[in-house]
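Each remark here refers to the structure printed beneath this line.
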Amino acid sequence: MPRKGEAKRLLEEHGQTYAEEAGIRLRNTPAPLYQLLTLCVLFSVPIKADIAVAAARELFGAGKRTPRAMVAASWQDRVDALGRAHYRRYDESTATALGDGAQLALDRYRGDLRRLRDESGGDPERIRALLQEFPRIGPVGADIFSREAQAVWPELSPAFDTLARGAAAGLGLPGTAEGLARLVSEDDLPRLAAALVRAQLAKK
């Protein structure tokens with residue numbers, strides 16, 4: 001079918017998830033889930049995607065891969081890591097948000113976002129609402145988390161945010177999450193969502 005062929009092309013050309021690009025080996029375990037949350041914080045300002053990914057890699061490369069490590073780092077250490085990735089204008093406020101968010105993760109979830117999932121009762125909208133209690137995470141950040149985490153939290157599937165659905169419609173693909181989900185295997189849903197976003201951003 002032509003639509004499945006277009007989906008296959010997208011996966012081949014743009015199908016790397018942003019978590020993969022940031023060096024996150026996404027699994028349903030505390031550290032990678034927290035790293036994904038960190039990436040979503042970095043995406044939640046008007047900044048280029050490649051800079052946000054580079055900032056995540058700098059933070060993780062400096063050992064800030066868990067909430068405890070993020071809290072233990074000084075504010076200046078976080079600012080410096082962001083600066084090395086040219087994450088400018090938002091470096092100081094983001095360093096604060098990362099520290100406060102890591103403390104929240106420790107205080108409320110003992111550093112394990114699987115407890116957030118448990119608290120949600122498996123309700124995708126509740127997951128998004130709880131995510132938005134973290135500093136800097138709004139609807140866009142919660143959508144990015146859902147888009148990437150659907151690989152390990154299947155109750156979020158199919159997660160295709162407004163940007164991904166808009167890109168799909170522009171390519172003649174279904175404009176609904178359910179319609180897009182029928183084009184690829186369940187394992188490839190995060191990759192297709194990322195590919196659609198990348199294809200849309202490449203036009204700009």
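Just so you know, these numbers use all the heavy atoms, side chains as well, and skip hydrogens, waters and symmetry mates.
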Between Glu20 and Arg25, is a salt bridge (charged side-chain N to carboxylate O under 4.0 Å, His left out) present by the stated rule, with each step listed? CA-CA 7 Å; Glu20 289 170 342; Arg25 296 182 179 181; over 6 Å; no
Lys/Arg N to Asp/Glu carboxylate O, [X] vs [Y], below 4.0 Å:
{"X": "Glu92", "Y": "Arg78", "answer": "no"}
{"X": "Glu13", "Y": "Arg9", "answer": "yes"}
{"X": "Lys48", "Y": "Asp50", "answer": "no"}
{"X": "Arg191", "Y": "Asp188", "answer": "yes"}

May I ask you to check whether over 12 heavy atoms, not counting those of Arg108, lie within 6.0 Å of atom CZ? yes
Test salt bridge (charged side-chain N to carboxylate O under 4.0 Å, His left out) on Arg182 and Glu178; report intermediate values, then the result. CA-CA 7 Å; Arg182 288 192 284 270; Glu178 293 74 15; over 6 Å; no
Closest approach of Gln150 to Ala193 (non-hydrogen atoms, all atoms of both residues): NE2-CB, 4.3 Å
Any side-chain heavy-atom pair from Tyr109 and Leu33 closer than 4.5 angstrom? no
Working note: Glu6 + Arg3, criterion salt bridge (charged side-chain N to carboxylate O under 4.0 Å, His left out); need CA distance, chi angles, decisive distance, verdict. CA-CA 5 Å; Glu6 179 65 13; Arg3 288 181 167 185; over 6 Å; no
Go through the structure and list residues passing ring pair (Phe, Tyr, Trp, His ring centres under 6.0 Å) with Phe43, not counting sequence neighbours. Tyr18
Quick one: CG on Leu36 to CD1 on Ile24, what's the gap to the nearest 0.5 Å? 5.5 Å
